[in-house]
Every structure is written in structure tokens, then in C-alpha cells.
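In what follows, a structure is listed as C-alpha cells, so that the remarks can point back to it.
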Amino acid sequence: MKMDDRTCLITGSGRGIGRGIAEHLGQEGANVVVNYRSSESSALEATEAIEASGGRAIAAQADVTDRDDVDAMRERIHDEFGPLDVLVNNAGITKDTRFTEMTRDEWDQVMNVNLGGTFNCTQAFYDDIRNADEGRLINISSIVGKQGNFGQANYATAKSGLFGFTRTMALELANGGSTANCVAPGFTRTDMLETVPERVQEKIVAEIPLGRFAEIEDIAATVRFLASEESSYITGEVLDVNGGIDL
Ligand code: NAP
């Protein structure tokens, strides 16, 4: 078991990509915190799957936009497992509409979860990650942060903001031996992709050289590598996992 005794928090991991990451880390023997905002039953299913595969897991409710929630989750994690070794900022939302019709509230909601949640969790667990033996900060961005996307001015802005945040954290964490990296998935089969109209999905697949959307496992396996000791000398990087869509 490569991740024995490493404690990992994955935000928004009751379902989707986050759940896949949680289960992959659990299979390596990690102590996994499955954070959820509203998907309690699937978060509990994820903890059962992790326990069955040899890891230890708890489900922790917290809205990442609420610093009090995040601080309460930290107390619980410290009581249960001690300090964190790996933080994966995965929780994310979209509120898509063309820019001229986008309300300030739609802009703010996307910033609050995708960037504000990352701020709250990283600050709450910064000392843990910095003081860990090879701590890991992993931020889940998107191909949309690199390319932009029609109807996603809010989401593209938030996701490209994670690139600058990751590089800065890489610099600030480096002299303690911890790393910060970003994963930029391409279009991945989850509930989030289901919100994209079918005709748009067909157009996107036609532009992917590998000819298919990403599966959750494609992203989770990349995060598992970045969380492991095998990635010790990689920091401040963006790993694209997108089937070659930007070639
Ligand atoms: P998803 O299926 O829509 O799931 C979103 C997850 O985020 C859920 O677990 C949700 O928790 C959680 N979440 C949302 N707001 C939250 C909050 N305020 N506090 C805590 N958790 C919150 O999305 P996904 O496709 O798995 O995406 C995961 C990440 O990958 C996101 O950052 C997304 O931007 C990124 N990404 C996705 C794709 C894609 O094509 N799917 C591509 C590139 C990047 P609850 O269900 O408990 O509310």
C-alpha cells in the first residue's frame, strides 16, 4: 500500500471526479476524508467502498464557501486522523450563460465555490501541508481555464485563476519540501458534462484526437500519481488530461 498512513481530503468527493479520486487514494491504503455539501448518501457509499478496499474513510459535510464549516471539518479530521498530508481542491460548479446575459450573482457563485472554496480549504490546511513529510496540494482546474469556452466566462476565469494560485503555492510551500500542482481535465463523463446539450457534446468529441470523453478514472489516476511520493520533484505544474484536445 503506497499511501499507508497518509491522510487525504478531497473536496466535493461524494460524487463525480472527486469520488473517483477518493476511491483511488483509498485503494492505496490512505486515510480518506470524503467531503460533501449535499450528496450525503453517495458520500457514505464512497466511504464504504474505500473501507472495503483497505483504506480508512470518513464522510465530512462542509460547504467549502463557508469558512466556519471548513474549520469545523478540520477539527474533525484532526480528531480522527491527525494533520492532513494531501489536499485536493476539487469542488466546483458551473453557471453557464453567454456573458451579456450573465448576472453578477452567477459570476459570484462560480467564483465563491471554485476559487473561494480553494482559498478557504488551502488556508485552513496550509500548516498541515507545509509541515507534512512531502505534503501535497492538488487543484482541479479545467481545459476551459486554458482555452476559454463559449458561455463560461465565469468558470473559465475561475479555472485559469487556479494556475496562478498553484504556481504561487508551489513557491511558498517549496522550502518545506511540499508540492503544489494542478490537474486540468478535459471534458469528463460526470453530472457536470450532462448539463452540456447533446449536439454540443457531439461537436466536442469530434475535436478530441483520442476520440472519446475522459472517464473519471483517467483523472483520478493522475491525481493519485501527483499525491504519491513518485511525484516528489514535480511542483507548480499543470498536468493536462484531455485526450489531446488542445493539440
Ligand atoms: P460534479 O459531478 O458536478 O460534482 C461537483 C462536486 O462538487 C460535487 O461532489 C459537489 O458536492 C461538490 N461541490 C459543489 N459545490 C460545493 C461546495 N460549496 N462545497 C463542497 N462541495 C461542493 O462535477 P465533476 O465533473 O465531478 O467536477 C469535479 C471538478 O472537476 C470540478 O472542479 C470541475 O470544475 C472539474 N472539471 C470537470 C470537468 C468535467 O467535464 N466533468 C472537466 C474539467 C474540470 P455535493 O454533490 O455534495 O453538493
Side-chain angles (χ1 to χ4, degrees), residues 9-21 35-40 42-43 61-71 73 87-124 137-169 182-205 207-208 213-214 216 219 238 240-242 245-246:
L9 165 62
I10 304 93
T11 66
S13 52
R15 63 191 171 92
I17 290 172
R19 178 166 171 176
I21 296 168
N35 159 250
Y36 66 96
R37 177 188 50 178
S38 52
S39 300
E40 183 176 23
S42 70
Q61 200 280 334
D63 181 335
V64 294
T65 66
D66 182 329
R67 182 60 195 260
D68 290 339
D69 268 17
V70 171
D71 286 346
M73 176 166 68
L87 169 62
V88 183
N89 286 308
N90 165 80
I93 61 165
T94 51
K95 295 278 168 200
D96 298 352
T97 185
R98 66 170 66 214
F99 182 66
T100 50
E101 282 153 25
M102 189 173 285
T103 63
R104 180 58 196 254
D105 185 52
E106 287 165 334
W107 175 271
D108 287 343
Q109 282 188 50
V110 169
M111 294 302 156
N112 287 344
V113 177
N114 296 279
L115 284 178
T118 296
F119 174 90
N120 284 340
C121 294
T122 307
Q123 204 161 63
L137 173 65
I138 301 166
N139 299 313
I140 306 302
S141 179
S142 170
I143 177 67
V144 169
K146 295 182 85 177
Q147 292 193 328
N149 198 21
F150 194 94
Q152 293 197 307
N154 47 6
Y155 182 75
T157 303
K159 289 303 191 188
S160 59
L162 289 174
F163 300 147
F165 179 69
T166 302
R167 294 180 70 86
T168 304
M169 288 302 98
C182 213
V183 174
F187 296 89
T188 310
R189 286 200 178 282
T190 68
D191 295 343
M192 189 175 275
L193 189 63
E194 293 303 311
T195 64
V196 176
E198 201 148 323
R199 65 186 163 73
V200 180
Q201 289 193 28
E202 283 165 13
K203 267 180 70 180
I204 297 169
V205 173
E207 288 168 12
I208 301 173
F213 287 125
I216 286 172
I219 314 305
V238 178
D240 295 321
V241 189
N242 62 27
I245 197 170
D246 58 349

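Quick caveat: nothing in here was measured; it's all calculated off a predicted structure.
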**Request:** Would you please test Ile140 and Val88 for side chain to side chain contact (heavy atoms under 4.5 Å, CB included) and show each step?
**Result:** CA-CA 7 Å; Ile140 306 302; Val88 183; 4.0 Å; yes
**Prompt:** Where do Val238 and Thr166 land on the side chain to side chain contact (heavy atoms under 4.5 Å, CB included) test, with the steps shown first?
**Reply:** CA-CA 9 Å; Val238 178; Thr166 302; over 6 Å; no
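The neighbour count for Glu101 CD, taken as heavy atoms of other residues, nucleotides or ligands under 6.0 Å away, is above 12. Dense packing is recorded around CZ of Arg67, with more than 12 heavy atoms of other residues, nucleotides or ligands lying under 6.0 Å away.
Considering only residues two or more places apart in sequence or on other chains, Arg15 meets the side chain to side chain donor-acceptor pair (under 3.5 Å) condition with Ser39, Asp191. Every side chain to side chain contact (heavy atoms under 4.5 Å, CB included) that Thr118 has, sequence neighbours left out, goes to Asn89, Thr122, Asn139, Leu162, Phe165. Residues forming a side chain to side chain donor-acceptor pair (under 3.5 Å) with Asp66 (at least two apart in sequence, or on another chain): none. Lys146 meets the side chain to side chain donor-acceptor pair (under 3.5 Å) test with Asp240; sequence neighbours excluded.
Lys95 pairs in a side chain to side chain contact (heavy atoms under 4.5 Å, CB included) with only one of the listed residues (Thr103, Asn154, Val113), which is Asn154.
For residues 103-118, the salt bridge (Lys or Arg N to Asp or Glu O under 4.0 Å) pairs, not counting sequence neighbours, are Arg104-Asp108. Counting only residues at least two apart or in different chains, salt bridge (Lys or Arg N to Asp or Glu O under 4.0 Å) contacts with residues 109-120 are absent.
Separating the CG atom in Asp63 from the OG1 atom in Thr11 is a distance of 11.0 Å, to the nearest 0.5 Å. The OG atom of Ser13 sits 7.0 Å away from the CG atom of Asn90 when rounded to the nearest 0.5 Å. Within the model, atoms OG1 of Thr65 and CG of Asn112 stand 6.5 Å from one another, a figure rounded to the nearest 0.5 Å. If you take OG1 on Thr157 and NZ on Lys159, they are separated by 12.0 Å, rounding to the nearest 0.5 Å. Between atom CD of residue Gln152 and atom OG1 of residue Thr97 there is a gap of 11.0 Å, rounded to the nearest 0.5 Å.
The two residues Asn35 and Ala62 have their closest heavy-atom pair at ND2-O, 3.1 Å.
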